Student: 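Below is one structure. I have some questions about it.
Computed from heavy atoms alone, side chains included, the values below leave out hydrogens, waters and symmetry copies. Because the structure is predicted, anything quoted here is derived from the model rather than measured. In what follows, chains are A, B, ... by sequence order, proteins preceding strands, each numbered from 1.
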Amino acid sequence: AQSVSQHNHHVILSEAASLELGCNYSYGGTVNLFWYVQYPGQHLQLLLKYFSGDPLVKGIKGFEAEFIKSKFSFNLRKPSVQWSDTAEYFCAVRSSGNTGKLIFGQGTTLQVKP
Amino acid sequence: DGGITQSPKYLFRKEGQNVTLSCEQNLNHDAMYWYRQDPGQGLRLIYYSQIVNDFQKGDIAEGYSVSREKKESFPLTVTSAQKNPTAFYLCASSIVPGPGGYGYTFGSGTRLTVV
């Protein structure tokens, strides 16, 4: 069965620090990869997604993620975080089959101190 | 504005009661999904539907039921058989299943509390 693992459950950073959130998945076939963000009291929003092509994907708000197929990883990065990045972040994987199901990781809570 | 509407936002249920959570979308999406969100466990798939009058169990379907009589609507019933129903429930939709890499549009969620 497919699974997604996010290594960090709770991350605390100061403003301007660099961020990297780990995401690994277990599925050998073609995958689509996503990062979602949930700001306090708000909907889940799509940060970025990878379908094919350039493995370095740029998203909204200065986030990027790199797909490393050999490592089954899709880590999220941001060079300099802001207090407004405080949120919960979810990695998700969708197989190339026709079910459309997204499998989510456990989530990482990011707290940015001003 | 197109989107997904979940209602109610907060719901309280007595033990032994069934409750139904509403999810409506006006995005003309084929596929709809129900997830349960618990702290530290991420989102877990309850049920999903790729087409009207058809749906499949997700990873944690026990104690839940759904229907998909209309493309726009995918209500979730939390039955008395669900042992631990207190949670945050999220509905989502997507354009089509199958390859294509479409992400989901999420609703704002319903927080269910059993009292």
Student: Using the six-membered ring wherever Trp is involved, compare the ring planes of B/Phe106 and A/Tyr36 and label them parallel, tilted or perpendicular (cut-offs 30° and 60°).
Tutor: perpendicular
Student: Side chain from CB out, backbone as N, CA, C, O: work out which of these in B/Leu43 comes under 4.5 Å of a heavy atom of chain A, or both, or neither.
Tutor: both
Student: Considering heavy atoms only, which positions within residues 79-92 of chain B lie below 4.5 Å of chain A?
Tutor: B/Phe88, B/Leu90
Student: What distance do B/Arg44 atom CZ and B/Trp34 atom CH2 have between them, rounded to the nearest 0.5 Å?
Tutor: 15.5 Å
Student: Please identify each residue that fulfils side chain to side chain donor-acceptor pair (under 3.5 Å) with B/Gln56, with sequence neighbours left out.
Tutor: B/Asp54
Student: Roughly how far, to the nearest 0.5 Å, is the CG atom of B/Asn26 from the CD1 atom of B/Ile4?
Tutor: 9.0 Å
Student: So if I take each residue of residues 54-79 of chain A and look for any heavy atom under 4.5 Å from a heavy atom in chain B, which residues do I end up with?
Tutor: none
Student: Is a donor from one side chain sitting under 3.5 angstrom from an acceptor on the other, for B/Glu24 and B/Gln6?
Tutor: no
Student: Among A/His10, A/Gln45, A/Gln38, single out the residue with the greatest number of heavy-atom pairs under 4.5 Å to chain B.
Tutor: A/Gln38
Student: Could you have a look at A/Gln42, A/Gln6, A/Glu88, A/His43 and say which one has the most heavy-atom pairs with chain B under 4.5 angstrom?
Tutor: A/His43
Student: Same cluster for B/Tyr48 and A/Phe34 if Ile/Leu/Val/Met/Phe/Trp/Tyr side chains link at under 4.5 Å?
Tutor: yes
Student: Taking atom types as modelled, find out whether B/Ser93 and B/Thr105 have a side-chain donor-acceptor pair closer than 3.5 angstrom.
Tutor: no
Student: Can you tell me which portion of A/Leu46 sits under 4.5 Å from chain B's heavy atoms? Options are side chain, backbone, both or neither.
Tutor: neither
Student: Testing the basics here: between A/Ala87 and A/Tyr39, what is the closest heavy-atom pair and its distance to 0.1 Å?
Tutor: CB-CD2, 3.5 Å
Student: For A/Ile12, is the CD1 atom crowded, meaning more than 12 foreign heavy atoms sit under 6.0 Å from it?
Tutor: yes
Student: Applying salt bridge (Lys or Arg N to Asp or Glu O under 4.0 Å), which residue pairs with at least one partner in residues 60-78 of chain B are found, sequence neighbours left out?
Tutor: B/Asp30-B/Lys71
Student: Looking just at side-chain N and O atoms, do B/Ser65 and B/Tyr47 make a donor-acceptor pair shorter than 3.5 Å?
Tutor: no
